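Below is one structure; the comments refer to it alone.
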Amino acid sequence: MTIDPRLRAAVHELVEAIPVPALAPLVIRPAPRRSWRPVLVSAAVVVLLLAVGLVRLPTSPGVPAAGPATLPRVFADHSYFTATVSAAPAGPAVAIYAYGQGDLPFQTPQLIAVGVDGRSYREIDLASQRGRPVDAPLLKSPAAPVLLSPDGVRVAVADARGPVHDVAIVDLNTGRTRSYPVPAGSAVQLLAWSPDSKRLAYAVAPYRADSHGDPRVALAADGELAVLDLATGVTSTVAGQRGVLDAAYSPMEEP
């Protein structure tokens, strides 16, 4: 087949008109020098996290602040990063309060101790662990019953999960817990500390399965008044008391 010379010439002109980019000469770049910038940036981030309290480091037992006890004007909100009493005790407390109460399973209530300086916050983790009764997971007030001593150094913790076997005393200076036994299968309600913080009064009765973790059901019928002496560890029952739901100390008298 014969190709028209004019067509051949037109094709050549079209091909030559297509631009062909020139290849850049091969350049061998030197290896990059090591930079300390990422390390410095990481260090700065860690310092920032520590500054805002997002990283919790082990600390030694706190020293009580000097001066009068101070209540904060605004109490701190719930935080997953609040240090615990057992891991980082901060000394005596001026108040304890619950945050996150409710009847939704995904809520995470906390019981918080506020230091005497009005700025230190610690979660009473034992109360969180004892938490809601197992037979009533949607019960309101899911934190375990607690009672702060008048000197602010101790917190008594009962158990909201059902029959209990002890009353626990948490030392806010050391973070340590000491347990004092009660009759097995009991319902316990903490009532009052003596003014000198050396004795604790509480009501105790055989636990009732239909109470759903509320000790008042059993105490209204069979509650007895017991007094725990922390110096000796001995618990005594006050004779002649039945159906005990409340008690109080006077500066001069036993309950």
Side-chain angles (χ1 to χ4, degrees), residues 61-62 82-101 108-115 121-136 139 141-194 196-207 211 213-216 218-219 223-237 244 246-247 249 255:
T82 302
T84 62
V85 169
S86 62
V94 69
I96 54 179
Y97 69 99
Y99 196 93
Q101 304 279 15
T108 54
Q110 291 179 320
L111 258 168
I112 305 296
V114 185
Y121 292 85
R122 294 294 185 270
E123 180 183 0
I124 306 172
D125 42 327
L126 179 63
S128 298
Q129 293 165 8
R130 294 193 169 191
R132 302 177 176 181
V134 294
D135 58 348
L139 188 70
S141 300
V146 298
L147 196 62
L148 179 65
S149 63
D151 62 7
V153 174
R154 300 178 182 90
V155 176
V157 182
D159 198 323
R161 295 171 300 183
V164 297
H165 302 279
D166 72 329
V167 170
I169 305 297
V170 180
D171 190 319
L172 299 180
N173 279 330
T174 65
R176 298 190 183 95
T177 298
R178 183 173 179 181
S179 295
Y180 298 87
V182 299
S186 295
V188 171
Q189 182 156 313
L190 306 172
L191 299 179
W193 283 94
S194 63
D196 60 6
S197 301
K198 294 181 179 180
R199 293 177 300 279
L200 173 68
Y202 61 88
V204 59
Y207 178 80
S211 66
D214 186 349
R216 293 172 297 180
L219 298 175
E224 293 185 300
L225 181 59
V227 178
L228 167 63
D229 188 326
L230 296 184
T232 63
V234 175
T235 299
S236 57
T237 302
V244 175
D246 205 354
Y249 276 94

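From a predicted model like this one, the values you see are computed outputs, not experimental measurements.
- Counting heavy atoms from C-beta on, the side chains of Pro89 and Thr174 never come closer than 4.5 Å.
- At least one side-chain heavy atom of Asp171 sits less than 4.5 Å from a side-chain heavy atom of Val153.
- No side-chain heavy atom of Val204 sits less than 4.5 Å from a side-chain heavy atom of Val164.
- The OG1 atom of Thr82 sits 5.0 Å away from atom CD1 of Ile112, with the distance rounded to the nearest 0.5 Å.
- Of all non-hydrogen atoms in Tyr249 and Ala201, the two that sit nearest each other are CE1-CB, 3.9 Å.
- Distance check, rounded to the nearest 0.5 Å: CG of Asp151 to NZ of Lys198 gives 10.0 Å.
- Ala187 and Ala218 get closest at one heavy-atom pair: CB-CB, 4.1 Å.
- For Arg122 and Asp125, the salt-bridge test fails: no basic side-chain N is under 4.0 Å from an acidic carboxylate O.
- Side chains of Leu147 and Tyr202 form no contact here, defined as non-hydrogen atoms less than 4.5 Å apart.
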Might you work through the side chain to side chain contact (heavy atoms under 4.5 Å, CB included) test for Val182 and Val167, ending with a clear yes or no?
CA-CA 7 Å; Val182 299; Val167 170; 4.0 Å; yes
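- Closest of all the heavy-atom pairs between Leu190 and Ala156 is CD1-O, 3.4 Å.
- Put simply, CG on Leu191 and CG on Leu200 are 8.0 Å apart, with the number rounded to the nearest 0.5 Å.
- Scanning all heavy atoms of the two residues, the minimum distance from Pro163 to Tyr207 falls at CG-CD2, 3.2 Å.
- Using a 4.5 Å heavy-atom threshold, the side chains of Leu230 and Arg154 count as touching.
- A heavy-atom distance below 4.5 Å is found between the side chains of Pro92 and Asn173.
- Going from atom CG of Leu228 over to atom CH2 of Trp193 covers 7.5 Å, rounded to the nearest 0.5 Å.
- Once rounded to the nearest 0.5 Å, the distance linking CZ of Arg199 with OG1 of Thr232 reads 10.0 Å.
- Closest approach of Asp166 to Ser179, counting heavy atoms only: OD2-OG, 2.8 Å.
- Between atom CD of residue Gln129 and atom CG of residue Asp159 there is a gap of 11.0 Å, rounded to the nearest 0.5 Å.
- In plain terms, the two heavy atoms of Glu123 and Ser128 that are nearest each other are OE2-OG, 2.6 Å.
- Partner of Leu111 under the side-chain contact (heavy atoms from CB on, under 4.5 Å) criterion, out of Val155, Val146, Val157: Val146 alone.
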Under the side chain to side chain contact (heavy atoms under 4.5 Å, CB included) criterion, do Val85 and Leu126 qualify, and how do the steps go?
CA-CA 9 Å; Val85 169; Leu126 179 63; over 6 Å; no
